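Step one of this worksheet: look at the structure below.
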Amino acid sequence: MIRTLIVDDDFRVAGVHAGFVEEVPGFAVVGTAHTAAEARARVRELTPDLVLLDVYLPDESGLALLGELQTDAIVLSAATDTRSVRVALRAGAVNYLIKPFTTRQFAERLTAYARYRQFLGEDRNLAQEEVDRAFRLPHEHDRAAAPKGQSSATARLVADQLRQAARPLSAAEVAGELGVARATAQRYLTALAEAGTIEMRLRYGATGRPEHEYSWRD
């Protein structure tokens, strides 16, 4: 089993990711951490094989922690700036997955990582073509975050709208802000909620049926 530690400042997101990991054959969650300091302690205590690491931690950047790790790490973050990606690559991140992402995309990254570990599991000398394959393996089948039938660009707009909002929004409000149909906004919001990226709850008004409202988890 690939022993996995999840580091995310939001305990709810960490729990959602833990559920995702446990559904992928060959992986087991050994713990979670919500700060860089806690992550350091958990790494020493648990000696995981893989760390799933967020960039935005309350005490310091996860990228600073990444450079210290003596274990493999996949970055899971809403950080999309070139500097963060460049620093993550320089520090040795095996992969970098931008929130929001789908369960399928997450599972495919983990499965590719498992193949990479298996390929390099035996202590032996490698030919150049095998080294080339080792570099490719963690990224085999990488795909865009949007579910089938959805646009990754629209998914990003919906996610950004919630991330920047000062309060939870309904599907109608998201649709109005972006200039899309309510049904379209609802499809994307539902996919984001199923992926655990956003939180969905009921909004109760003075009259009529309650409606769903959505807020960004990070």
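Predicted model only: the values in this text are computed from it and were never measured.
Ring-plane geometry between Phe20 and Phe101 is classed as perpendicular, the angle between the planes exceeding 60 degrees on a 0 to 90 degree scale with a lower cut at 30.
The number of heavy atoms from other shown groups lying within 6.0 Å of CD (Gln164) is above 12.
A search for salt bridge (charged side-chain N to carboxylate O under 4.0 Å, His left out) contacts involving Arg40 returns Glu60, Glu68, not counting sequence neighbours. Partners of Ala91 according to the side-chain contact (heavy atoms from CB on, under 4.5 Å) rule, which considers only residues two or more places apart in sequence or in another chain, are Leu66. The salt bridge (charged side-chain N to carboxylate O under 4.0 Å, His left out) search around Asp59 returns none, not counting sequence neighbours. Val94 pairs by the side-chain contact (heavy atoms from CB on, under 4.5 Å) definition with Asp72, Ile74, Tyr113, Pro138, not counting sequence neighbours. For Glu45, the salt bridge (charged side-chain N to carboxylate O under 4.0 Å, His left out) test picks out Arg42, with sequence neighbours left out. Residues that satisfy the side chain to side chain donor-acceptor pair (under 3.5 Å) test with Thr32, not counting sequence neighbours, are absent from this structure. Partners of Glu130 under the side chain to side chain donor-acceptor pair (under 3.5 Å) rule, at least two apart in sequence or in another chain, are Arg124. In this structure Glu211 satisfies the salt bridge (charged side-chain N to carboxylate O under 4.0 Å, His left out) test together with Arg203, sequence neighbours excluded. For Arg136, the side-chain contact (heavy atoms from CB on, under 4.5 Å) partners at least two apart in sequence or on another chain are Asp132, Arg133. Taking the ring-ring contact (aromatic ring centres under 6.0 Å, His included) definition, one finds that Tyr96 meets it with nothing, sequence neighbours left out. Annotation: side chain to side chain donor-acceptor pair (under 3.5 Å) contacts of Asp81 (sequence neighbours excluded): Ser84. For Val30, the side-chain contact (heavy atoms from CB on, under 4.5 Å) partners are Arg3, Leu46, Pro48, not counting sequence neighbours.
In this structure, Thr190 contributes its side chain and Gln186 its backbone to a donor-acceptor pair below 3.5 Å. A donor-acceptor contact shorter than 3.5 Å is absent between the side chain of Glu199 and the backbone of Tyr214. Thr35 places no side-chain N or O within donor-acceptor distance of the main-chain N or O of Ala33, the cut-off being under 3.5 Å. Looking only at distances, a side-chain donor or acceptor of Glu38 sits under 3.5 Å from a matching main-chain atom of His34.
At least one side-chain heavy atom of Phe106 sits under 4.5 Å from a side-chain heavy atom of Leu76. In this structure, the side chains of Asp54 and Asp9 come closer than 4.5 Å at one or more pairs of heavy atoms. Side-chain contact between Leu65 and Val43: absent, with no pair of heavy atoms (C-beta onward) separated by less than 4.5 Å. Using a 4.5 Å cut-off on side-chain heavy atoms (C-beta onward), Glu213 and Arg201 make contact.
Contact between Leu5 and Ala39 at its shortest, heavy atoms only, is CD2-O, 4.2 Å. Contact between Leu53 and Leu57 at its shortest, heavy atoms only, is CD1-CD1, 4.4 Å. Ala78 and Trp216 get closest at one heavy-atom pair: CB-CZ2, 4.3 Å. Closest approach of Phe27 and Leu110 over heavy atoms only: CZ-O, 3.1 Å. Looking at every heavy atom in both residues, Gln161 comes nearest to Leu169 through CG-CD1, 4.0 Å. When all heavy atoms of Ala193 and Ile198 are compared, the closest pair comes out as N-CG1, 3.5 Å.
Phe135 and Leu120 fall within the same hydrophobic cluster, where Ile, Leu, Val, Met, Phe, Trp and Tyr residues are linked whenever their side-chain heavy atoms come under 4.5 Å apart, directly or through other members.
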